[in-house]
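Note sheet for the following structure.
In this text the structure is predicted, and so the values were computed from the model without any measurement.
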Amino acid sequence: MGDEGDLAADKHVRYIVTVEKKKDSFESLVMEHIRLNGAYWGLTTLDLLHKLQAVDAAEVIDWIMSCYDPESGGFGGNVGHDPHVLYTLSAVQVLCLFDRLDVLDVDKVADYVAGLQNEDGSFSGDIWGEVDTRFSYIALCTLSLLHCLHKIDVQKAVDFIVSCKNLDGGFGAMPGGESHAGQIFCCVGALAITGSLHHIDRDLLGWWLCERQCRDGGLNGRPEKLADVCYSWWVLSSLIMIDRVHWIDKEKLTKFILNCQDIENGGISDRPDNAVDIYHTYFGVAGLSLMEYPGVKPMDPAYALPLDVVNRIFLRK
Ligand code: GRG
């Protein structure tokens, strides 16, 4: 296991803070339509590295609320963009980081999310109706953080997720969809949040997930694909929730993630020597957190937030 000095934490903090400031950089431009999502990745990384105070909280919260659509109760990916459950979760998660859920009209936001549940228990991402187990996770996670799970039919939501389980033990985006580590995180996370993990064959799924570790130590998202730092999160968090994380070689995975750092300018890439971005920086640091890397805050594998933040939300209520 690499020692604390191996993670260029200060460089990553500087990288995140400067990406945010360089509004005309390439990364800012490609992130334009998903900026609220990017804010969640960057700010959660700062918090994991004990540096959330590097940003002005009041400024961040004002900007988050400028992405709010009071008519629907949902958030868009940027100011003036259409609302979607994904950005609504990101907004709620960022407000949780700053302990500022008080700025929300909680019932209105929760009603927006709850209103996207379909008759079969699935969720659409927005009014256009696309259905995906990602949206089930997002809805359950958001409503749980807002203490509003009572607004939906939880049993039907669980039944839909279970209907997306495959013979290999994994889960897809919809019934019959190919197992993929990202979707597995969503389904396992949703089942964890609703106390329904008994629907999972832990050994079968654990086996499929630990087979994601490639020769280079990194994890891929499905068979025959290349390793990518982001799967450190999707796979490890799922393995932790089903209590099989010891089936991964943590030392090799830690080295893989650390090898993807730009140790000069900060940031983490998908695989060694590629260009860094905020998404992989977050998932790299989050993966290290799940492996208890020194100096990184522990994370909750289901809510994808630092553990102290999740404890504050559920122990205070
Ligand atoms: C709060 C952490 C958090 C998540 C919110 C949006 C979401 C819920 C989950 C997304 C889960 C998911 C599907 C992740 C996979 C993303 C990804 C890298 C997809 C790439 O798919 P391909 O087919 O790549 O392009 P592979 O690696 O399979 O070749």
Side-chain angles (χ1 to χ4, degrees), residues 1-2 6 132-134 136-137 141 158 160-193 196-261 268-274 279-293 296 298-304:
M1 168 84 87
D6 287 341
D132 188 309
T133 46
R134 277 178 303 159
S136 296
Y137 164 78
C141 185
V158 169
F160 177 76
I161 290 161
V162 172
S163 76
C164 298
K165 187 166 68 170
N166 292 321
L167 288 172
D168 58 15
F171 294 82
M174 53 193 67
E178 180 191 1
S179 293
H180 187 286
Q183 307 296 151
I184 291 173
F185 159 78
C186 292
C187 295
V188 176
L191 294 177
I193 287 169
S196 315
L197 285 172
H198 56 278
H199 288 289
I200 292 179
D201 180 336
R202 292 172 186 235
D203 284 343
L204 187 64
L205 177 57
W207 181 246
W208 190 94
L209 286 168
C210 79
E211 285 213 311
R212 304 283 54 79
Q213 189 152 32
C214 305
R215 292 168 82 91
D216 57 13
L219 306 178
N220 64 15
R222 48 192 164 141
E224 310 301 329
K225 294 283 187 162
L226 290 175
D228 178 322
V229 158
C230 76
Y231 294 112
S232 311
W233 168 266
W234 309 117
V235 173
L236 279 183
S237 58
S238 304
L239 281 168
I240 290 173
M241 289 187 272
I242 62 167
D243 204 16
R244 295 293 182 275
V245 75
H246 50 286
W247 290 1
I248 286 284
D249 185 333
K250 289 191 190 179
E251 200 175 319
K252 282 179 80 177
L253 178 56
T254 301
K255 280 199 181 121
F256 178 82
I257 298 173
L258 294 175
N259 270 335
C260 293
Q261 301 181 100
I268 299 176
S269 54
D270 56 355
R271 43 191 87 92
D273 301 323
N274 281 355
Y279 170 86
H280 290 96
T281 304
Y282 165 55
F283 285 110
V285 173
L288 292 172
S289 160
L290 294 178
M291 294 189 286
E292 301 171 11
Y293 194 90
V296 182
M299 271 186 99
D300 184 286
Y303 290 97

Rounded at 0.5 Å granularity, tell me how far [atom1] in [X] sits from [atom2] in [Y].
{"X": "Phe256", "Y": "Asp216", "atom1": "CZ", "atom2": "CG", "answer": "5.0 Å"}
{"X": "Leu258", "Y": "Ile268", "atom1": "CG", "atom2": "CD1", "answer": "7.5 Å"}
{"X": "Lys255", "Y": "Asp249", "atom1": "NZ", "atom2": "CG", "answer": "8.5 Å"}
{"X": "Met241", "Y": "Ile184", "atom1": "CE", "atom2": "CD1", "answer": "10.5 Å"}
{"X": "Leu219", "Y": "Leu209", "atom1": "CG", "atom2": "CG", "answer": "9.5 Å"}
{"X": "Asn274", "Y": "Cys260", "atom1": "CG", "atom2": "SG", "answer": "8.0 Å"}

Going by the rule side chain to side chain donor-acceptor pair (under 3.5 Å), which residues pair with Asp300 if we only count those two or more places apart in sequence or in a different chain?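 In terms of side chain to side chain donor-acceptor pair (under 3.5 Å), with neighbours along the sequence ignored, Asp300 is linked to no residue.
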Does Ser269 have any side chain to side chain donor-acceptor pair (under 3.5 Å) partners at least two apart in sequence or in another chain, and if so, which?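 Result, side chain to side chain donor-acceptor pair (under 3.5 Å) vs Ser269: none returned.
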Ignoring hydrogens and geometry, is there a side-chain-to-backbone donor-acceptor pair from [X] to [Y] under 3.5 Å?
{"X": "Lys165", "Y": "His199", "value": "yes"}
{"X": "Asn166", "Y": "Gly177", "value": "yes"}
{"X": "Ser289", "Y": "Met299", "value": "yes"}

As a quick check of understanding, evaluate side-chain contact (heavy atoms from CB on, under 4.5 Å) for Thr133 and Phe171, giving each step before the final call. CA-CA 9 Å; Thr133 46; Phe171 294 82; 5.8 Å; no
Under the salt bridge (charged side-chain N to carboxylate O under 4.0 Å, His left out) rule, collect the residues that match up with Glu211, sequence neighbours excluded.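 Glu211 satisfies salt bridge (charged side-chain N to carboxylate O under 4.0 Å, His left out) with no other residue.
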Are side-chain heavy atoms of [X] and [Y] found at a separation under 4.5 Å?
{"X": "Asp168", "Y": "Leu204", "value": "no"}
{"X": "Val188", "Y": "Leu205", "value": "yes"}
{"X": "Met291", "Y": "Leu288", "value": "yes"}

Who are the side-chain contact (heavy atoms from CB on, under 4.5 Å) partners of Asp228, not counting sequence neighbours?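 Checked Asp228 against side-chain contact (heavy atoms from CB on, under 4.5 Å); matches are Cys230, Tyr231, Asp270, Arg271, His280.
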Contacts of type side-chain contact (heavy atoms from CB on, under 4.5 Å), residue Cys141, not counting sequence neighbours: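 Only Leu89, Tyr137, Leu145, Ile193, Tyr303 meet the side-chain contact (heavy atoms from CB on, under 4.5 Å) criterion with Cys141.
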Describe, in one word, how the ring planes of Trp207 and Trp247 are oriented to each other, choosing from parallel (under 30°), tilted (30 to 60°) and perpendicular (over 60°).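 Rings of Trp207 and Trp247: perpendicular, over 60°.
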Evaluate Val235 against Gln213 for side-chain contact (heavy atoms from CB on, under 4.5 Å), listing each step before the verdict. CA-CA 9 Å; Val235 173; Gln213 189 152 32; over 6 Å; no
For Leu226 and Asn220, what are the C-alpha separation, side-chain angles and deciding distance, and is it a side-chain contact (heavy atoms from CB on, under 4.5 Å)? CA-CA 6 Å; Leu226 290 175; Asn220 64 15; 6.0 Å; no
Residue pairs fulfilling side-chain hydrogen bond (donor to acceptor under 3.5 Å, both in side chains) with at least one residue in residues 236-245, sequence neighbours excluded: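 Found Asp203-Arg244.
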Indicate the atoms forming the closest heavy-atom contact of [X] with [Y], along with that distance.
{"X": "Ile257", "Y": "Ser232", "result": "CD1-OG, 3.6 Å"}
{"X": "Phe160", "Y": "Ser136", "result": "CD2-OG, 4.0 Å"}
{"X": "Pro223", "Y": "Trp208", "result": "CD-CZ2, 3.9 Å"}

With side chain to side chain donor-acceptor pair (under 3.5 Å) as the test, would you mind laying out the steps for Asp132 and Gln183 before giving the verdict? CA-CA 9 Å; Asp132 188 309; Gln183 307 296 151; 3.1 Å; yes
With side-chain contact (heavy atoms from CB on, under 4.5 Å) as the criterion, how do Leu236 and Leu253 come out once you've worked through the C-alpha distance, each side chain's angles and the decisive distance to 0.1 Å? CA-CA 10 Å; Leu236 279 183; Leu253 178 56; 3.7 Å; yes
